[in-house]
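As the structure is a computational prediction, the values presented were derived from the model and not from experiment. FYI, side chains are in, hydrogens and waters are out, and symmetry mates aren't considered; it's all heavy atoms of this structure. Whatever order the structure lists ligands and atoms in, that order sets their numbers, starting from 1.
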Amino acid sequence: MSKILLVTSSPRHDSLSTAIARETAAGLAASGGTITTRDVGLAPPAHIDDAFSTAIRKAPEDRSEAEASSVRLSDELVAELLSADTLVIGTGLINFGVYSGLKAWIDNIARAGLTFKYGESGPVGLVGAKKAYVVLASGGVYSSGAASALDHATTYLKTVLGFIGIADVEVIRVEGVAYGPDAAEQALSSARGRIAELAAA
Ligand SMILES: Cc1cc2nc3c(=O)[nH]c(=O)nc-3n(C[C@H](O)[C@H](O)[C@H](O)COP(=O)(O)O)c2cc1C
């Protein structure tokens, strides 16, 4: 039975990435699986601060109370990620990057000694074999053409997920939603087509 971690990051109540990411997780779980949901759009983790950046370099027993408290949620988020075998992330393309709540989640789960380490020949991801799906909603079209170099969300997420050991990343696009209701409907339908294939696999 697969254990799916669903991370949604849009703060919008009518978010397209959240809707399609939820459907993706449900499709993957259809043949047996559990879904743990982490909403970092409506409840974003804290930004990195001084206490956090000090704490992550110390053994737990050497941390002050403020430092220990600054990594408590991060420890929980890391445990949640490590215990999943499939990761589904939903985000909009926001100013060519990801929603800031998702960036904060990444800053909380990329932890030296827990999700990556430096080996003799460079960084080594520690999260174990997992598959990741990124549901990316965007106003414009980035899957092909001149704008594709401007989709920094995909390159960033693939880089950071690869860094912690998740090399198998599929991007499900809900793109061109700013080009009117027909284009948005077409984008949703195309994403749902892929979800149906995943659910049937
Ligand atoms: C503040 C803001 C910035 C955005 N920046 C971009 C962008 O750089 N490129 C783009 O194609 N769409 C951009 N959009 C459109 C969103 O990607 C689109 O509305 C998407 O559906 C948002 O995801 P959500 O529906 O999950 O909230 C932006 C939207 C907002 C509100």
Ligand 1 N/O within reach of T18 N/O, cut-off under 3.5 Å: no

Proximal ligand 1 atoms for L16, defined as those under 4.0 Å from one of its heavy atoms: 21 (O), 24 (P), 25 (O), 26 (O)

Geometric class of the F116/F163 ring pair [parallel <30°, tilted 30-60°, perpendicular >60°]: tilted

Sidechain N-carboxylate O distance under 4.0 Å for K131, D168: yes

Flag for R173-S138: side-chain donor and acceptor within less than 3.5 Å: no

Passing candidate, side chain to side chain contact (heavy atoms under 4.5 Å, CB included) with I172, options L198, V134, L136: L198

Options L136, V141, T8, I94, ranked by nearest heavy atom to atom 29 (C) of ligand 1, top entry: I94

Protein contact to atom 5 (N) of ligand 1 [nearest heavy atom, distance to 0.1 Å]: N95 N, 2.9 Å

Numbering as shown, the atoms of ligand 1 that approach F96 to under 4.0 Å (heavy-atom distance): 7 (C), 8 (O)

Heavy atom of protein inside 4.0 Å of atom 3 (C) of ligand 1, strictly below: yes

No-hydrogen, no-angle side-chain donor-acceptor test under 3.5 Å, T36 and E80: no

Within-cut-off N or O pair, Y142 and ligand 1, under 3.5 Å: yes

E76 and R38: CA distance, side-chain angles, deciding distance, salt bridge (charged side-chain N to carboxylate O under 4.0 Å, His left out) verdict: CA-CA 11 Å; E76 202 183 306; R38 177 63 67 170; 3.0 Å; yes

Ligand 1 to T91 polar contact by distance, N or O atoms, under 3.5 Å: no

Shortest reach to atom 11 (O) of ligand 1 by a heavy atom, considering only S15, S10, S9, G140: G140

Protein contact to atom 23 (O) of ligand 1 [nearest heavy atom, distance to 0.1 Å]: G92 CA, 3.3 Å

Shortest protein contact, atom 12 (N) of ligand 1 (heavy atom only): G139 N, 3.1 Å

Closest approach of any protein heavy atom to atom 13 (C) of ligand 1, naming residue and atom: L93 O, 3.0 Å

Within 6.0 angstrom of E120 CD, more than 12 heavy atoms from elsewhere: no

